[in-house]
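Worksheet: one structure, shown below.
Indexing begins at 1, ligand by ligand and atom by atom, following the structure's order.
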Amino acid sequence: MDEHPILVEQRAGYCVITLNRPQRLNAFTEAMHIALRDALARAEADEACRALLLTGAGRGFCAGQDLNDRLSKAGDTPVLGGALETYYNPLVRRLRELPFPVVAAVNGVAAGAGCNIALACDIVLAGRSASFVQSFAKIGLVPDSGGTWILPRLIGPARARALALTAEPVAADKAESWGMIWKAMPDADLMAEAHKLCQHFASAPTLGLALIKRALDQSWNNDLDAQLDLEREFQREASLAPDYAEGVRAFLEKRPPVFRGRKPR
Ligand code: T3D
């Protein structure tokens, strides 16, 4: 039993969560899922939290499910589905729906569910030594944690299909050039860049950013007509938040805006 399967750090205006099982490349156990679920619930409930930084301890980001928990002493493997229903699927849904930006700092290999959890984050930064692996096919499984949904949307059907079927790793630079992630950078710069981005979001108009996340996600289900209607409604909602008025006033007064973030009128 790991003492602290995740580490949580409160920074000014944002929260940092570090997956912390470095000896297993931060592979998920049930205890880690529960700790992460609780930490995300606390961050969501905390109005002062306006961004989340997710990273991994040691040389990996996350190697997906800890496979030690999938083989019994008798050598049997379980029928799967339960952990997806209870942990992985709610985790991916929550990351997409958190009412503030989620930045993944991918510090090393991201494999299996670990890869797709990284890709579910709003902005993915990666160190040049990081790689992204749909490792499921190597053990007879199917990409999960949203992989079959998000991969084709990020990189197109041909690349998504080949990566899912071959489990070939994608290096950080290629992931950037394919549009799978936002930016690859020298390992030494990764955490400073991720913190800089979260510091930016910590004073951003958070209610508006939450609407942007929702609008982009909902666009996949809409035709243009429906999306134009949704944009009208979301713009109306954004304009009711005090940060819109502050943004306009600050622009006209030629001063930096002071946004209230998650606090509504
Ligand atoms: O409920 C369900 O189960 C459904 C949900 C499924 C979600 C999934 O994520 S299924 C996919 C599970 N993940 C994998 O199949 C990835 C397995 N790992 C690897 O293929 C490789 O480790 C990597 C490509 C990620 C990295 O390779 P490399 O050479 O850099 O490192 P390594 O030497 O393989 O790993 C370092 C250590 O971490 C090693 O332990 P050791 O030998 O030093 O004691 C290795 O066994 C351990 N480790 C890595 N991944 C896992 C793991 N231990 C348990 N589970 C892992 N997933």
Do the non-hydrogen side-chain atoms of Met32 and Asp2 ever get within less than 4.5 Å of each other? no
Does any N or O of ligand 1 fall below 3.5 Å from an N or O anywhere on Arg59, backbone included? yes
Are Glu97 and Glu44 packed together at the side-chain level, in the sense that at least one heavy-atom pair is separated by less than 4.5 angstrom? no
Could you establish whether Val133 and ligand 1 come within less than 4.0 Å of each other, counting only heavy atoms on the residue side? no
What pair of heavy atoms forms the shortest contact from Ala35 to Pro5, and how long is it? CB-CG, 4.2 Å
In one Ile/Leu/Val/Met/Phe/Trp/Tyr side-chain cluster, 4.5 Å: Ile117, Leu52: yes
Just to confirm, does any protein heavy atom lie below 4.0 Å from atom 29 (O) of ligand 1? no
Salt-bridge present (Lys183, Glu193; N to O < 4.0 Å): no
Hey, which atoms in ligand 1 end up nearer than 4.0 Å to a heavy atom of Gly64? 9 (O)
Between Tyr87 and Phe28, is the ring centre distance below 6.0 Å? no
Less than 4.5 Å apart, any side-chain heavy atom of Lys213 and any of Leu98? yes
For ligand 1, which atoms, with element, lie under 4.0 Å from some heavy atom of Ala83? 1 (O)
So which protein heavy atom does atom 57 (N) of ligand 1 come closest to, and at what separation? Gln65 O, 2.8 Å
Nearest neighbour in protein (non-hydrogen) for atom 20 (O) of ligand 1: Ser135 CB, 4.7 Å
Atom 38 (O) of ligand 1 protein-contacted (non-hydrogen atom, under 4.0 angstrom): yes
Does any N or O of ligand 1 fall below 3.5 Å from an N or O anywhere on Tyr88, backbone included? no
Please write down residue, atom name and distance for the protein heavy atom closest to atom 54 (C) of ligand 1. Asp66 OD1, 3.2 Å
Do any heavy atoms of Lys138 fall under 4.0 Å from ligand 1? no
How does Phe136 reach ligand 1, if at all, at less than 4.0 Å between non-hydrogen atoms: by side chain, backbone, both, or neither? side chain
Give me the residue, atom name and distance of the protein heavy atom closest to atom 48 (N) of ligand 1. Arg24 O, 4.0 Å
Value for CG (Asn26) from OG1 (Thr55), rounded to nearest 0.5 Å, stands at 8.5 Å
Would a 4.0 Å cut-off, counted as strictly less than, catch a protein heavy atom around atom 1 (O) of ligand 1? yes
For atom 18 (N) of ligand 1, is the nearest protein heavy atom closer than 4.0 Å? no
Which protein heavy atom lies closest to atom 25 (C) of ligand 1, and at what distance to 0.1 Å? Ala111 CB, 3.7 Å
Sidechain N-carboxylate O distance under 4.0 Å for Asp229, Arg232: yes
Beyond-backbone contact of Asp122 with Leu95, side-chain heavy atoms, under 4.5 angstrom: no
Could you tell me if the side chain of Pro22 sits less than 4.5 Å from the side chain of Arg59, heavy atoms only? no
For Gln23, counting its heavy atoms only, list the atoms of ligand 1 lying under 4.0 Å from any of them. 37 (C), 38 (O)
heavy-atom search around atom 5 (C) of ligand 1 in the protein gives Asp144 OD2, 3.2 Å
Counting C-beta onward and ignoring hydrogens, is there a side-chain heavy-atom pair between Leu80 and Asp144 closer than 4.5 Å? no
Nearest-neighbour protein heavy atom for atom 22 (O) of ligand 1, which is reported as residue plus atom name and distance: Leu25 CD1, 3.9 Å
Is the closest basic N to carboxylate O distance between Glu176 and Arg128 below 4.0 Å? no
Taking CD in Glu85 as the centre, count heavy atoms belonging to other residues, nucleotides or ligands within less than 6.0 Å. Is the count above 12? no
For ligand 1, is there an N or O atom under 3.5 Å from any N or O atom of Leu80? no
Considering all protein heavy atoms, does one lie under 4.0 Å from atom 42 (O) of ligand 1? no
Taking distance alone, with no angle check, do Gly112 and ligand 1 share an N/O pair under 3.5 Å? no
Quick note on ligand 1: atoms under 4.0 Å from a heavy atom of Asn68 include exactly 53 (N), 54 (C)
If you measure every N/O of Ala63 against every N/O of ligand 1, is any gap under 3.5 Å? yes
Find out whether Met180 and Arg159 are in side-chain contact, i.e. whether some heavy atom of one side chain is under 4.5 Å from a heavy atom of the other. no
Does some non-hydrogen atom of the protein lie less than 4.0 angstrom from atom 46 (O) of ligand 1? no
For atom 24 (C) of ligand 1, which protein heavy atom lies nearest, and how many Å away is it? Val109 CG2, 4.3 Å
